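The structure appears below as structure tokens.
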Amino acid sequence: MYSELQLDNQICFRLYTASRLVIQAYTPLLHALGITYPQYLVLMVLWEKDCQPVNDIARRLQLETNTVTPLLQRMEKQGIVVRKKGDRDKRQQIVSLTEKGKQMETEAYQTIPQGMGEELKACPLQLEDYQNLAKELDSIIETLKKK
């Protein structure tokens with residue numbers, strides 16, 4: 001047996017498992033807001049900067065527009081965002097938060113960081129460890145994104 005092919009020797013398995021479990025921990029917190037994890041990611045992009053083209057949102061999330069568009073359609077039906085044609089380029093769709101979408105930022109701030117902190121309190125990592133981990137993951141992402 002090749003040791004390089006053993007599951008315990010795979011960083012990809014750890015990344016996959018950690019991602020799946022983190023999203024699972026977010027789920028009940030987001031359910032209280034009536035949104036999914038991918039919708040939460042879209043909201044975070046719009047909370048940073050409202051009124052963005054779909055292409056910019058997709059780029060920021062490192063997703064294809066055909067993945068982001070159905071999310072935005074569901075969010076529009078929920079009254080969280082609105083989409084309109086661009087002023088300069090009518091082919092472009094600009095996404096903006098509704099009042100409901102803007103208010104959700106406060107609700108999320110009041111529940112999600114604390115809720116995730118509770119989920120992770122038994123973990124021995126400190127804030128600095130998480131910050132360093134984020135930098136390491138960013139390095140992996142940038143390296144693989146160039147391919």
Side-chain angles (χ1 to χ4, degrees), residues 7 9-147:
L7 190 60
N9 294 334
Q10 303 301 309
I11 187 70
C12 60
F13 177 68
R14 286 175 179 80
L15 290 169
Y16 166 75
T17 303
S19 174
R20 186 178 52 77
L21 292 172
V22 166
I23 292 168
Q24 183 178 314
Y26 269 98
T27 298
L29 301 169
L30 298 173
H31 183 74
L33 295 174
I35 58 173
T36 63
Y37 184 75
Q39 290 173 328
Y40 178 57
L41 297 178
V42 169
L43 281 170
M44 286 192 288
V45 169
L46 291 170
W47 291 332
E48 286 178 16
K49 181 178 178 250
D50 200 2
C51 303
Q52 293 192 53
V54 173
N55 291 342
D56 290 1
I57 295 168
R59 194 174 307 112
R60 180 75 168 95
L61 295 175
Q62 300 185 41
L63 296 170
E64 297 296 324
T65 55
N66 63 358
T67 301
V68 174
T69 298
L71 286 172
L72 295 170
Q73 290 169 338
R74 286 191 296 279
M75 294 172 78
E76 191 168 33
K77 286 179 184 171
Q78 292 173 276
I80 298 170
V81 299
V82 292
R83 295 177 300 153
K84 64 176 182 145
K85 294 191 183 302
D87 292 334
R88 292 185 206 150
D89 184 349
K90 299 297 183 198
R91 296 170 299 175
Q92 194 175 52
Q93 289 245 314
I94 306 298
V95 181
S96 304
L97 292 164
T98 62
E99 272 310 306
K100 178 180 178 180
K102 291 174 185 175
Q103 290 171 355
M104 289 176 82
E105 182 178 14
T106 301
E107 294 174 47
Y109 177 74
Q110 292 171 345
T111 59
I112 294 173
Q114 182 179 349
M116 285 306 293
E118 285 296 313
E119 288 288 328
L120 294 169
K121 72 179 178 187
C123 185
L125 296 177
Q126 302 299 312
L127 179 59
E128 183 179 323
D129 297 321
Y130 287 109
Q131 291 167 336
N132 289 333
L133 178 59
K135 289 176 190 172
E136 298 297 336
L137 291 171
D138 285 345
S139 179
I140 291 171
I141 291 165
E142 284 303 312
T143 300
L144 294 175
K145 193 167 70 170
K146 292 176 184 173
K147 298 196 180 237

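This one's a predicted model, so the numbers in the text were calculated from it and none came from an experiment.
- Under a cut-off of 6.0 angstrom, the local environment of CD in Q126 is sparse, with at most 12 non-hydrogen atoms contributed by other residues, nucleotides or ligands.
- Minimum heavy-atom separation, I35 to M104: CG2-CE, 3.5 Å.
- Contact of the N132 side chain with the K135 side chain is registered, since non-hydrogen atoms from C-beta on lie closer than 4.5 Å.
- For the atom pair CG (L61) and OG1 (T67), the distance works out to 10.0 Å, reported to the nearest 0.5 Å.
- The 12-atom threshold is exceeded at CD of E48, counting heavy atoms of other residues, nucleotides or ligands nearer than 6.0 Å.
- One finds the NZ atom of K85 at 11.0 Å from the CZ atom of R91 (value rounded to the nearest 0.5 Å).
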Donor-acceptor contacts under 3.5 Å from residues 107-121 side chains, at least two apart:
residue, atom, partner, partner atom, Å
T111, OG1, E107, O, 3.0
E118, OE1, K121, NZ, 3.0

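- Scanning all heavy atoms of the two residues, the minimum distance from R14 to L7 falls at NH1-O, 4.4 Å.
- Atom CG of residue D129 and atom CG of residue L133 lie 8.5 Å apart, to the nearest 0.5 angstrom.
- A donor-acceptor pair is defined here as one N or O able to donate and one able to accept, closer than 3.5 Å; such a pair exists between the side chain of T143 and the backbone of S139.
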Under 3.5 Å, which donor-acceptor pairs link side chains of residues 77-84 to any protein atom two or more places apart or in another chain?
residue, atom, partner, partner atom, Å
Q78, OE1, Q39, NE2, 2.9
Q78, NE2, G34, O, 2.8
R83, NE, E76, OE1, 2.9
R83, NH1, Q93, OE1, 3.4
R83, NH2, E76, OE1, 3.0

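- One finds the NZ atom of K145 at 9.0 Å from the CG atom of D138 (value rounded to the nearest 0.5 Å).
- Counting heavy atoms from C-beta on, the side chains of L43 and L97 come closer than 4.5 Å.
- The pair D56-R59 meets the salt-bridge criterion, since a charged nitrogen lies less than 4.0 angstrom from a carboxylate oxygen.
- Heavy atoms of other residues, nucleotides or ligands lying less than 6.0 angstrom from OH of Y37 number more than 12.
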Quick one: do Q62 and I141 satisfy side-chain contact (heavy atoms from CB on, under 4.5 Å)? Show the steps, please.
CA-CA 10 Å; Q62 300 185 41; I141 291 165; 3.4 Å; yes
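- Taken from CG in N55 to OG1 in T65, the straight-line distance is 5.5 Å, to the nearest 0.5 Å.
- The CD atom of Q103 lies 12.0 Å from the CG atom of L33; values are rounded to the nearest 0.5 Å.
- Screening residues 40-99 for ring pair (Phe, Tyr, Trp, His ring centres under 6.0 Å) gives Y26-Y40 as the qualifying pairs, with residues at least two apart or on separate chains.
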